[in-house]
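In what follows, a single structure is set out as structure tokens and then discussed.
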2 protein chains.
Amino acid sequence: MSKRLGKREWIDAGLKALAAQGVDAVRVEVLAKALGVTKGSFYWHFKNRNALLEAVLDAWKARATNDVIAQVEERNGDARARLRSLFTIVLESDGRLDREIRAWAAKDSAALAAIEHIDRRRLAYLESLFLGLDFTPIEAAARARLVYHALIGQFTMGLPAKPQSRPSKQFEIIFEMLVRNNKT
Amino acid sequence: MSKRLGKREWIDAGLKALAAQGVDAVRVEVLAKALGVTKGSFYWHFKNRNALLEAVLDAWKARATNDVIAQVEERNGDARARLRSLFTIVLESDGRLDREIRAWAAKDSAALAAIEHIDRRRLAYLESLFLGLDFTPIEAAARARLVYHALIGQFTMGLPAKPQSRPSKQFEIIFEMLVRNNKT
DNA sequence: GTTTGCCCATACGGTTGCGTATGGAGATAG
DNA sequence: CTATCTCCATACGCAACCGTATGGGCAAAC
């Protein structure tokens, strides 16, 4: 029972609260109680609440960078297979943290910058996959945007009560539609 | 200078604050200052803050009911034309209020119920449009979900800085893809 | 011109949370 | 053994809100 804490524990607690209830829930006195200490501890490790929020955001950035993309790339298939991997991975993922970060971004410029960066990265990757299916650049871009928006919508609407384990019929229909190239 | 206020003014101010900065911004003392009165006024018209939030939600419900759907139906085209109308209307709309309500719904069950109701309604309508294009029920459902999710994603990501007035090339590509029926 | 009902101001107490100040406990170095 | 460095508790002041209590102004009704 190492009673002594470090920044790490506070950041982890912050991430946990963030994922569970949003930024407004990551308050120092609340986290302190959750960690079994008092504010005295917090203000030794951090300048103020905002410093914690920055640290939490940085932690998420680091985490979101070796992202879904890396997982997809590990599976090493062609573009179509990778697209499929991407979908299944994303649809099975939790997404609460991302969702709260996005909600946070609506009011905080730092969070906004962070998530916009990630969004661009992911969109570019999606686009590259569609390009790998011999779509024209503009067709690839259009499909990438549609897919990305749909995924965001999926998670912001209702987090999948049951992260449906089996790819549904609807999923297959959508996937085929997105992948079909009429020019080849 | 009608200094006297009614519930209406408070609800309008609440909706305004909600759309601009989210539920957490609709606070009685803040709205009071905005309206040029004090809390004394508020607590005469409403039991408490929650009563105002309920009223705001009800106002949104009433407003969201004669919805985009009605606007689309007024234009009186075939299914394809209606789908197009729907897209252009939605993409030109503001969406901030809906977005904040959705964010609100993540933490409040009443707001959740409200938006889920609207979501079902809109999804069903979308589905009916696709059915009108001779898709099978499951194909129609799949497309409806995809489209709806994409629209939600569109608005939650970044509110369209420029509500792009002209339907872009990407839009045309997506629209044709969604509408293409290989069986007919 | 009172009375009554509607609308609001003022004042107060309570809660939650931030940030600071100060002191102490425990380990570690000297 | 004591001095120092880490980490934390306690206590305080401050601010933003909520909700209540109370009294007053003003217009319509009588």
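We name chains A, B, ... by the order of the sequence lines, and we start the count at 1 in each one.
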Polar-atom pairs under 3.5 Å, protein N or O versus N or O of nucleotides 21-26 of chain D: list them with distances, or write none.
residue	atom	partner	partner atom	Å
D/dG25	N2	B/Arg4	NH2	3.3

Rounded to whole Å, how long is the line connecting atom [atom1] of [X] with atom [atom2] of [N]?
X: B/Lys39; N: D/dC17; atom1: NZ; atom2: P; value: 11 Å
X: A/Glu9; N: D/dC8; atom1: CD; atom2: C1'; value: 14 Å
X: B/Leu35; N: C/dC8; atom1: CG; atom2: C1'; value: 13 Å
X: B/Tyr43; N: C/dG13; atom1: OH; atom2: P; value: 17 Å

- Message: Is there a path of hydrophobic side-chain contacts, each under 4.5 Å between heavy atoms of I/L/V/M/F/W/Y residues, joining B/Phe46 to B/Trp104?
- Response: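 Hydrophobic grouping puts B/Trp104 with B/Phe46.
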- Query: Going by heavy atoms closer than 4.0 Å, what residues in residues 13-33 of chain A are next to DNA chain D?
  - Reply: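 DNA chain D contact set from residues 13-33 of chain A: none.
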- Of all of residues 44-53 of chain B, which get a heavy atom below 4.0 angstrom from DNA chain D, listed by number?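 Those residues are B/Asn48, B/Arg49.
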- A/Lys107, NZ atom: more than 12 neighbouring heavy atoms under 6.0 Å: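 For A/Lys107, atom NZ is crowded (more than 12 foreign heavy atoms under 6.0 Å).
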- Task: Name all residues meeting the side-chain hydrogen bond (donor to acceptor under 3.5 Å, both in side chains) criterion together with A/Gln71; count only those two or more places apart in sequence or in a different chain, and write none if there are none.
- Result: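 Checked A/Gln71 against side-chain hydrogen bond (donor to acceptor under 3.5 Å, both in side chains); zero matches.
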- Query: Cation-pi between B/Arg122 and B/Tyr148: NZ/CZ under 6.0 Å from ring centre and within 45° of the ring axis?
  - Reply: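 Pair B/Arg122/B/Tyr148 does not count as cation-pi.
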- Query: Between B/Val23 and B/Val56, is any pair of side-chain heavy atoms under 4.5 Å apart?
  - Reply: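 When only atoms from C-beta onward are counted, B/Val56 and B/Val23 do not touch, as no gap falls below 4.5 Å.
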- Message: Is there a side-chain contact between A/Trp60 and A/Leu18 in this structure, where contact means two heavy atoms from C-beta onward sitting under 4.5 Å apart?
- Response: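 In short, these two side chains do not touch, never coming nearer than 4.5 Å.
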- Taking only residues two or more places apart in sequence, or in another chain, which ones meet B/Tyr43 in a ring-ring contact (aromatic ring centres under 6.0 Å, His included)?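 Partners of B/Tyr43 under the ring-ring contact (aromatic ring centres under 6.0 Å, His included) test: none.
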- Task: Kindly say whether A/Asp94 contributes a backbone atom to a donor-acceptor pair with the side chain of A/Arg99 at under 3.5 angstrom?
- Result: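 Looks like no, no N/O pair under 3.5 Å.
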- Item | salt bridge (charged side-chain N to carboxylate O under 4.0 Å, His left out) partners of B/Glu139, counting only residues at least two apart |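 Salt bridge (charged side-chain N to carboxylate O under 4.0 Å, His left out) list for B/Glu139, sorted by chain: B/Lys183.
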- Item | Salt-bridge present (A/Glu127, A/Arg145; N to O < 4.0 Å) |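 So A/Glu127 does not pair with A/Arg145 through a salt bridge.
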